Amino acid sequence: MVLDFVIPGYRDLKVGRFLFREQAAFFRARGLREVLVAEGEAGFNSYFVHMGFVHMNSGPEPFYQLSL
């Protein structure tokens with residue numbers, strides 16, 4: 001699945017909370033257990049941390065992981 005970023009006026013975490021917390025059961029019911037995101041620009045990385053993603057540096061390239 002590819003998700004695009006949210007424009008600045010809507011970066012208040014509401015969209016992320018809805019997708020990754022309120023709708024987590026929706027994803028789990030379809031067999032998805034985690035969300036992986038490639039490390040990007042520093043400004044975006046702080047968003048992932050706020051949403052509960054964990055920084056992982058265990059492969060060739062760092063990424064963020066969120067368990068659903």
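Residue numbers count from 1 along this sequence. Here the structure is a predicted model, which means the values were calculated and not measured.
- Atom CG in N45 sits 6.5 Å away from atom NE2 in H55 (nearest 0.5 Å).
- To the nearest 0.5 angstrom, S67 atom OG is 10.0 Å from F53 atom CZ.
- Sparse packing is recorded around NE2 of H50, with 12 or fewer heavy atoms of other residues, nucleotides or ligands lying under 6.0 Å away.
- Within the 4.5 Å cutoff, no side-chain heavy atoms of L32 are placed close to those of F26.
- Note: the hydrophobic cluster containing L36 does not contain L66 (ILVMFWY, side chain heavy atoms under 4.5 Å, direct or indirect links).
- Cluster membership check: V49 shares its hydrophobic cluster with M51, using side-chain heavy-atom separations under 4.5 Å among Ile, Leu, Val, Met, Phe, Trp and Tyr.
- Following chains of ILVMFWY side-chain contacts shorter than 4.5 Å, one cannot reach F63 starting from V37, and the two form parts of different hydrophobic clusters.
- In this structure, V35 is a member of the same hydrophobic cluster as V15, with clusters built from ILVMFWY side-chain heavy atoms closer than 4.5 Å.
- Open room surrounds CD on E61; 12 or fewer heavy atoms of other groups in view lie less than 6.0 Å from it.
- Under the 3.5 Å distance criterion, the side-chain polar atoms of R33 are left unmatched by any main-chain donor or acceptor of L68.
- Between Q23 atom CD and R28 atom CZ the span is 10.5 Å, to the nearest 0.5 Å.
- A tilted orientation is assigned to the rings of Y64 and F48, their planes being inclined by 30° to 60°.
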